[in-house]
Number of protein chains: 2
Amino acid sequence: MKIAENTINRLIVYKKELNRLATDGLSNVYSHKLAHLSGFPSHLVRRDLMNVGYNGSPAHGYNVTELEKCIADFLCTPESVRVILVGVGNLGRAILDYCQQQNPKISIVAAFDKDKNKVNKVYHSIYTFHIDSVKNYIKENNIDVAIITVPAAEAQEIASALVESGIKGIVNFTPVRLQVPAEVYIENLDMMLGLEKVVYFVNGD
Amino acid sequence: MKIAENTINRLIVYKKELNRLATDGLSNVYSHKLAHLSGFPSHLVRRDLMNVGYNGSPAHGYNVTELEKCIADFLCTPESVRVILVGVGNLGRAILDYCQQQNPKISIVAAFDKDKNKVNKVYHSIYTFHIDSVKNYIKENNIDVAIITVPAAEAQEIASALVESGIKGIVNFTPVRLQVPAEVYIENLDMMLGLEKVVYFVNGD
DNA sequence: TTTGAGTTGTGAAAATTATCACAATGTGAG
DNA sequence: CTCACATTGTGATAATTTTCACAACTCAAA
Ligand SMILES: NC(=O)c1ccc[n+]([C@@H]2O[C@H](COP(=O)([O-])OP(=O)(O)OC[C@H]3O[C@@H](n4cnc5c(N)ncnc54)[C@H](O)[C@@H]3O)[C@@H](O)[C@H]2O)c1
Ligand SMILES: NC(=O)c1ccc[n+]([C@@H]2O[C@H](COP(=O)([O-])OP(=O)(O)OC[C@H]3O[C@@H](n4cnc5c(N)ncnc54)[C@H](O)[C@@H]3O)[C@@H](O)[C@H]2O)c1
């Protein structure tokens, strides 16, 4: 069945909130609570959970750990995903740090840069290789996903090289709209767009 | 008329691409080209432009600068928007830097932190105040929009304080789903969600 | 002047997405 | 046991969003 992108977004949020509830020791949760935590209406929560095929009980709602696992399975989250990061600048290093504190199943396994001062250094316990070795690294380690945090002017060239080497998904932090083949999935996380959106909804609506 | 959030997202992208085209000296653009640059189908581009009420010509397409202005007006982008940032850490400083290179109409005018070593310092030419003064600052300067880059554990408390002082929109970089009144607009930019989404679309679909 | 190529604008149809409303269900109190 | 209650799951409906398809238009060349 085809699932809408928005549904995927919400499922990921549910999963994270469920994980937190589990950490807090909760064993059950009702759709209203999950709705409140994630910020979506409760009937959407139930509809979404229908999609993943998990059944709760009217008496106890949903089992927190079971539902979390069920969503994870649905999202096909493999046991471990290895990701690389290109561009060990201010933003890149902040992300290297952040990523380790989060989802342990997804980990950044290598960083790449062209600056001689950064190559062969370790930032937040991740080794930085020279950018020239990225193609080999991707092929030899079968990497599917990359994070791009190089300067805007370099972004397209890097993206093309990554795709050529077999990268299938990119998280793009640069303000450039990358031109890649349709089968490569791009997630654009440009802060400026987010900021403009907030300005729009605050001002006008 | 009510405009869908996705439409707003796309309009912001069009605007940015138009700005780039103008910088490159282009004066006209066809829907197909704008579609290619922004990554959306051309009929959606035309439909979106219908919403903003701009008319192109079949012969020359759209006038780049006029259309850019028209979209900006439609988005109600005021001449200048002043934004504050809370949490001058790794990510916060990267954003302070980034924001200055981008849209000159939107500027970060002050940063706030609780760390004595950072207070009263200037990062990327933006002055850092103590967090205790944020409420007064917001009220006295009539600030509507804030960026939150404090540690996750502090995020909710900070958000509540900001809202209490009159903030109407927040760009939230922490992984916490902030609980705020419905009239406050929140844009969540959690990298981890983006990464999980890419993993989903790369793996399964 | 006429034709042809290429584009816009948009009504109408299709597809998708969200909301509503309620029957079905399990629970615990009396 | 029975009843009242709160919650789930889902068919039906409403609303939104996208896609299709083509008439109308502009220009340039013959
Ligand atoms: N999405 C956001 O919120 C956000 C925030 C800040 C910055 N940015 C963007 O992220 C990017 C990086 O920002 P930053 O502040 O970290 O910049 P930076 O200059 O600090 O870092 C860029 C890094 O990329 C490296 N690099 C340059 N060219 C390279 C190449 N061809 N191959 C490999 N490495 C290369 C540089 O050596 C440097 O280490 C920029 O495009 C910026 O616009 C986005
Ligand atoms: N969205 C993303 O892509 C992304 C990436 C990296 C980090 N993050 C998140 O962003 C946040 C910041 O990350 P970071 O790496 O910059 O962390 P950091 O520890 O480097 O910075 C946090 C800053 O907040 C300040 N601070 C703490 N409590 C405060 C308070 N009550 N009031 C004001 N200032 C306070 C600290 O002094 C510090 O300067 C974290 O929540 C992290 O999870 C998000």
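Lettering of chains follows the sequences in order, A, B, ..., and the numbering in each one begins at 1.
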### Message
Tell me the interatomic distance from B/Tyr54, atom OH, to C/dT10, atom P, rounded to whole angstroms.
### Response
14 Å
### Within residues 85-94 of chain B or reaching into it, pairs that qualify as salt bridge (charged side-chain N to carboxylate O under 4.0 Å, His left out) - sequence neighbours excluded
none
### Summary
Separation of C/dT7 atom C1' from B/Leu49 atom CG, nearest Å, is 13 Å
### Query
When you check the side-chain N and O atoms of B/Glu187 and B/Asn172, is any donor under 3.5 Å from an acceptor?
no
Using a cutoff of under 3.5 Å, can you pull out all pairs of nitrogen or oxygen atoms linking the protein to nucleotides 15-17 of chain C, with atom names and distances?
none

### Query
Under 6.0 Å from the NZ atom of A/Lys139, do we count more than 12 heavy atoms belonging to anything else shown?
yes
### Task
For residues 76-113 of chain B, pull every pair meeting ring-ring contact (aromatic ring centres under 6.0 Å, His included), keeping only residues two or more places apart or in separate chains.
B/Phe112-B/Phe129, B/Phe112-B/Tyr137
### Query
Is there a side-chain polar atom (N or O) of B/Tyr62 under 4.0 Å from OP1 or OP2 of C/dG9?
yes
### Query
Are A/Asp24 and A/Arg20 close enough for a salt bridge, meaning some N to O gap below 4.0 Å?
no
### Task
Can you tell me the distance, in whole Å, between the CG atom of B/Asn63 and the P atom of C/dT7?
17 Å
#### Entry: Leading and trailing nucleotides of DNA chain D with any atom under 4.0 Å from heavy atoms of chain A
D/dT7 to D/dA12
### Query
Which heavy atom of B/Val145 sits nearest a heavy atom of B/Ile143, and at what distance?
O-CG2, 3.4 Å
### Message
Whole angstroms only, please: what is the CG-C1' distance between B/Asn28 and C/dT8?
### Response
13 Å
### Message
One character per nucleotide, please: for nucleotides 23-30 of chain C, 5' to 3', B when the base has a protein heavy atom closer than 4.0 Å, S when only the sugar-phosphate does, - otherwise.
### Response
--BSS---
### Query
Over how many whole Å does the gap from B/Asn55 atom CG to C/dT8 atom P extend?
12 Å
### Message
On DNA chain C, compare the nucleotides closest to B/Arg46 and A/Leu44; which residue's is nearer the 5' end?
### Response
B/Arg46
### Task
Take atom CG of B/Leu67 and atom P of C/dT7, then tell me their distance rounded to the nearest Å.
17 Å
### Task
Considering only NZ, NE, NH1 and NH2 on the basic side and carboxylate oxygens on the acidic side, decide whether B/Asp190 and A/Lys16 come within less than 4.0 Å.
yes
### Non-hydrogen side-chain atoms of B/Val81 and B/Lys105 separated by less than 4.5 Å
no
### Message
Please tell me whether B/Gln100 and B/Ser125 have a donor and an acceptor in their side chains that are separated by less than 3.5 angstrom.
### Response
yes
### Query
Got a sec, which residues hit side-chain contact (heavy atoms from CB on, under 4.5 Å) with B/Arg46, two or more places apart in sequence or on another chain?
B/Ser31, B/His32, B/Ser42, B/His43, B/Tyr62
### Touch class at under 4.0 angstrom, heavy-atom based, for B/Thr7 against every strand present
nothing
### Message
So that I can tick it off, tell me whether A/Lys135 and A/Glu164 are bridged by a salt bridge, with the cut-off set at under 4.0 angstrom between side-chain N and carboxylate O.
### Response
yes
